Chemist: 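Can you read through this structure? Questions will come right after.
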Protein chains: 2
Amino acid sequence: MRQPDHPAIDTVQLTEVLAALADPVRLALVATLADGGARSCGEFDLPVAKSTLSHHMKVLREAGILTSRVEGTRCFVTLRSELEDRFPGLLDRVLALAAPPAEG
Amino acid sequence: MRQPDHPAIDTVQLTEVLAALADPVRLALVATLADGGARSCGEFDLPVAKSTLSHHMKVLREAGILTSRVEGTRCFVTLRSELEDRFPGLLDRVLALAAPPAEG
DNA sequence: TTTCATGTTTGTCGAACATCGAACATGGGT
DNA sequence: ACCCATGTTCGATGTTCGACAAACATGAAA
């Protein structure tokens with residue numbers, strides 16, 4: 001597996017980021033990564049086929065939201081820290097609001 | 001013209017709001033309303049046909065982002081203040097980041 | 001009532017999207 | 001070399017989106 005390309009963070013548009021986050025599967029995916037840790041793609045427990053998951057990863061990567069790193073036969077993803085430089089506070093806010101109510 | 005329906009703010013989903021904002025025309029539209037004032041639909045200077053504009057208004061209304069009020073033959077729109085209750089800080093953050101660089 | 005202004009609704013189009021399964025590519029183990 | 005695990009890419013399918021023009025609805029003005 002070749003290392004995937006990541007766009008220069010300056011070229012990422014706000015509407016592109018919003019569109020990437022405007023999907024339940026992708027938002028759940030990003031929320032899982034919110035602790036800053038890395039995950040292999042297979043670790044996500046989402047109700048989609050692996051090809052679909054791969055697609056969503058690509059959308060998030062191209063929106064500058066996460067980075068992929070290939071290691072052996074696995075692919076680790078992390079939130080892309082530069083997104084905070086480009087759109088300060090955006091992801092934090094969205095993730096805070098996307099978080100489960102956490103009451104009771 | 002009948003008064004348009006607005007969804008109960010509790011029923012609005014975050015992904016729906018994000019999707020509504022993830023379009024350049026709609027984002028520009030919302031940014032114009034950011035001063036809190038009302039505008040009639042015709043006041044917006046956007047490069048789309050009026051039917052298209054009407055469609056975008058509908059999307060924003062159904063996402064709980066703005067309210068429409070019909071007055072005579074005109075239709076006034078405003079940002080919907082309850083959105084702030086539902087998703088605190090979201091619109092502020094997005095609009096701050098969408099704002100023109102304002103340099104020079 | 002006829003006309004005009006302002007929006008909305010409807011129908012249509014092509015583009016983009018979400019999803020899947022199948023096929024493929026790659027690397028690690030045995 | 002062979003097999004398995006892990007992802008990616010491809011092709012197909014159905015849905016949604018954004019755009020427009022045309023038709024409609026409504027209210028105000030003449």
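Residue numbers start from 1 in every chain, and the chains themselves are labelled A, B, ... in the order their sequence lines are given, proteins ahead of strands. Owing to the predicted nature of the structure, the values given are computational and were not obtained by experimental measurement.
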Chemist: Got a sec, which residues hit side chain to side chain contact (heavy atoms under 4.5 Å, CB included) with Ala49(A), two or more places apart in sequence or on another chain?
Modeler: Ser51(A), Thr52(A)
Chemist: Which value, rounded to the nearest 0.5 Å, describes the distance between Thr32(B) atom OG1 and Leu27(B) atom CG?
Modeler: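 Going from the OG1 atom of Thr32(B) to the CG atom of Leu27(B) covers 9.5 Å.
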Chemist: Under 4.0 Å from any atom of DNA chain D, heavy atoms only: list the residues of residues 11-44 of chain A that qualify, in numerical order.
Modeler: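 Only Ser40(A), Cys41(A), Gly42(A) qualify.
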Chemist: Rounded to the nearest 0.5 Å, what separation is found between the CG atom of Asp5(A) and the NZ atom of Lys58(A)?
Modeler: 10.5 Å
Chemist: Where along residues 55-70 of chain B does a heavy atom fall under 4.0 Å from DNA chain C?
Modeler: none
Chemist: Just verifying a value: how many Å separate Leu60(A) CG and Leu33(A) CG, rounded to the nearest 0.5 Å?
Modeler: 8.5 Å
Chemist: Could you walk me through whether Phe44(A) and Met57(A) pass the side-chain contact (heavy atoms from CB on, under 4.5 Å) check?
Modeler: CA-CA 11 Å; Phe44(A) 296 93; Met57(A) 292 293 186; 3.5 Å; yes
Chemist: Here's a test of your reading of the structure: between Phe76(B) and Ala49(A), which maps to the more 5' nucleotide of DNA chain C?
Modeler: Phe76(B)
Chemist: Contact boundaries of DNA chain C with chain B (under 4.0 Å, heavy atoms), 5' to 3'?
Modeler: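 Range of nucleotides within reach of chain B: dA5(C) to dT9(C).
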Chemist: Same cluster or not: are Val59(A) and Val25(A) linked, directly or through other Ile, Leu, Val, Met, Phe, Trp or Tyr residues, by side-chain heavy atoms under 4.5 angstrom apart?
Modeler: no
Chemist: Name every donor-acceptor pair, under 3.5 Å, that has one atom in a side chain of residues 62-77 of chain A and the other anywhere in the protein, sequence neighbours excluded.
Modeler:
residue	atom	partner	partner atom	Å
Ser68(A)	OG	Arg61(A)	NE	3.1
Arg69(A)	NH1	Glu71(A)	OE1	2.4

Chemist: Gln3(A) CD to dG7(D) C1': how many Å, rounded?
Modeler: 13 Å
Chemist: Check side chain to side chain contact (heavy atoms under 4.5 Å, CB included) between Ala22(B) and all other residues, then give those that pass, not counting sequence neighbours.
Modeler: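 Per chain and number, Ala22(B) pairs via side chain to side chain contact (heavy atoms under 4.5 Å, CB included) with Leu18(A), Ala19(A).
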Chemist: Closest heavy-atom contact between Leu46(A) and Ala28(A)?
Modeler: CD2-CB, 4.0 Å
Chemist: Find every protein N or O atom lying less than 3.5 Å from an N or O atom of nucleotides 23-30 of chain D, and list the pairs.
Modeler:
residue	atom	partner	partner atom	Å
dT26(D)	O3'	Met1(B)	N	3.0

Chemist: Taking all non-hydrogen atoms of both residues, which atom of Glu16(A) and which atom of Thr11(A) are closest, and how far apart?
Modeler: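 Reported closest heavy-atom pair: OE1-O, 4.4 Å.
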Chemist: For residues 80-93 of chain A, run the donor-acceptor check on the side chains, cut-off 3.5 Å, and write out each pair with its distance to 0.1 Å, sequence neighbours left out.
Modeler:
residue	atom	partner	partner atom	Å
Arg80(A)	NE	Glu82(A)	OE1	2.7
Arg80(A)	NH1	Pro7(A)	O	2.9
Arg80(A)	NH2	Pro7(A)	O	2.9
Arg80(A)	NH2	Glu82(A)	OE1	3.4
Glu84(A)	OE1	Gly89(A)	N	3.2
Glu84(A)	OE2	Gly89(A)	N	3.1
Arg86(A)	NE	Ile9(A)	O	3.0
Arg86(A)	NE	Val12(A)	O	3.1
Arg86(A)	NH2	Asp10(A)	O	3.1
Arg86(A)	NH2	Val12(A)	O	2.8
Arg93(A)	NH1	Pro88(B)	O	2.4

Chemist: Which residue pairs satisfy the salt bridge (Lys or Arg N to Asp or Glu O under 4.0 Å) criterion with at least one member in residues 22-37 of chain B, sequence neighbours excluded?
Modeler: Asp35(B)-Arg39(B)
Chemist: How far apart are the closest heavy atoms of Leu14(B) and Leu97(A), and which atoms are they?
Modeler: CD2-C, 4.0 Å
Chemist: Among dC20(D), dT6(D), dC10(D), which nucleotide has an atom closest to any side-chain atom of Ser51(B)?
Modeler: dC20(D)
